[in-house]
Amino acid sequence: MTIRVLVADDQAMVRGGLRLILEDQPDITVVGEAADGITALELARRLRPDVSLVDIRMPGADGLEVTRALAGPGVEDPLRVIVVTTFDLDEYVYGALRGGAVGFLLKDAGPALLVEAVRAAHAGDALISPSVTVRLLRRLAVPVTAARPAIPLTDRELEVVREIARGRTNLEVAAQLFISLSTVKSHVSGIQTKLGLRNRVEIAAWAWEHGVVTGPA
């Protein structure tokens, strides 16, 4: 299945770079580009991409406005939005996630993380740049209401939870715990079911809130 992506950024060079990275993957295609927020909204609503990459600072409507309009609370048929920016500011991270974004990436995160974030968003998961994850979740910007599960997490599941809370991607979790990527994905799915959570961002927030992890490795 091909993942259809919309790229919105006011810099043509950035849009071109993101397109090159994404279309180098056999399962991803860029279906549209926008240089401002108004065009991004129009294209997103018309094309219905699987994932929209949205810059924070754009003319017309900024990335947070675009995110809220496409994915925010109350949107009847929300789209999956990833905010991609050079600005590592807490207010942007909080605004993006509260606005319904399923990812927050810094532009220097690298091609591999960008591709993983797009695939994660398409699969209904969420991914935040590891450099901001720990800071973000220590403040519990993502509200989590799940209590400790009725069915306890296994020791291995707790290890996976700790690695997620430290901002590691599935590939990094696999390498750290010496298990396969498919095993990590299976554990993440089981953890979400047990905790009643929607994605890895909420898993990480749950871990910080409940003292499962107290600091970086």
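Just so it is clear, the structure is predicted and the values come from calculations on it, not from any experiment. We're numbering straight along the sequence, starting at 1. Atoms considered below: every heavy atom in the structure, side chains included; atoms not considered: hydrogens, waters and symmetry mates.
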With a 3.5 Å distance limit and no angle check, can you tell me whether [X] reaches the backbone of [Y] through a side-chain donor-acceptor pair?
| X | Y | value |
| --- | --- | --- |
| Ser189 | Lys185 | no |
| Arg15 | Asp9 | yes |
| Lys107 | Val84 | no |
| Glu163 | Glu172 | no |
| Arg4 | Leu47 | yes |
| Arg80 | Asp50 | no |

Rounded to the nearest 0.5 Å, how far apart are [atom1] of [X] and [atom2] of [Y]?
| X | Y | atom1 | atom2 | value |
| --- | --- | --- | --- | --- |
| Ile28 | Leu114 | CD1 | CG | 7.5 Å |
| Leu41 | Asp36 | CG | CG | 9.0 Å |
| Ile191 | Trp206 | CD1 | CH2 | 8.5 Å |
| Asp108 | Thr86 | CG | OG1 | 9.0 Å |
| Thr2 | His122 | OG1 | NE2 | 9.0 Å |
| Leu53 | Leu105 | CG | CG | 8.0 Å |

When you compare the side chain of [Y] with that of [X], does any pair of heavy atoms fall below 4.5 Å?
| X | Y | answer |
| --- | --- | --- |
| Arg48 | Asp77 | yes |
| Glu33 | Leu18 | no |
| Val83 | Ile56 | yes |

Nearest atoms (heavy-atom pairs only) where [X] meets [Y]:
| X | Y | answer |
| --- | --- | --- |
| Ala40 | Leu6 | O-CD2, 3.7 Å |
| Ala121 | Ile82 | CB-CD1, 3.9 Å |
| Asp55 | Thr85 | OD1-CA, 3.9 Å |
| Ala44 | Ser52 | CB-OG, 4.3 Å |
| Val75 | Ala69 | CG2-O, 3.6 Å |

Open item on the list: Salt bridge or not between Arg162 and Glu159? Use side-chain N to carboxylate O under 4.0 Å.
Closed with: no

Give the table of side-chain donor-acceptor pairs shorter than 3.5 Å for residues 57-67, with sequence neighbours excluded, one pair per line with atom names and distance.
unit_1: Arg57; atom_1: NE; unit_2: Tyr92; atom_2: OH; d: 3.3
unit_1: Arg57; atom_1: NH2; unit_2: Tyr92; atom_2: OH; d: 3.3
unit_1: Asp62; atom_1: OD1; unit_2: Leu64; atom_2: N; d: 3.0
unit_1: Asp62; atom_1: OD1; unit_2: Glu65; atom_2: N; d: 2.8
unit_1: Glu65; atom_1: OE2; unit_2: Asp62; atom_2: N; d: 3.1
unit_1: Thr67; atom_1: OG1; unit_2: Gly63; atom_2: O; d: 2.7

Open item on the list: Under the criterion side chain to side chain contact (heavy atoms under 4.5 Å, CB included), I'd like the reasoning laid out for Ile179 against Val184: C-alpha separation, chi angles, the key distance, then a yes or no.
Closed with: CA-CA 7 Å; Ile179 57 180; Val184 173; 3.6 Å; yes

TODO: Output, in order, the C-alpha distance, side-chain angles, deciding distance and verdict of side chain to side chain contact (heavy atoms under 4.5 Å, CB included) for Val7 and Arg19.
DONE: CA-CA 8 Å; Val7 175; Arg19 177 184 282 274; 5.6 Å; no

Open item on the list: side chain to side chain contact (heavy atoms under 4.5 Å, CB included), that's the test. Do Gln25 and Ile3 meet it? Break it down for me.
Closed with: CA-CA 10 Å; Gln25 305 300 312; Ile3 303 172; over 6 Å; no

Open item on the list: Test of understanding: clusters of I, L, V, M, F, W, Y form through side-chain heavy atoms closer than 4.5 Å, transitively. Do Val31 and Ile21 belong to the same one?
Closed with: no

TODO: Please check if Leu70 and Leu43 belong to a single hydrophobic cluster, counting links between Ile, Leu, Val, Met, Phe, Trp and Tyr side chain heavy atoms closer than 4.5 Å.
DONE: no

Task: Other residues, nucleotides, ligands: >12 heavy atoms within 6.0 Å of Lys194 NZ - done: yes

- [ ] For the pair Val161 and Leu153, evaluate side chain to side chain contact (heavy atoms under 4.5 Å, CB included) and give the outcome as yes or no after the intermediate values.
- [x] CA-CA 9 Å; Val161 167; Leu153 300 181; 4.0 Å; yes

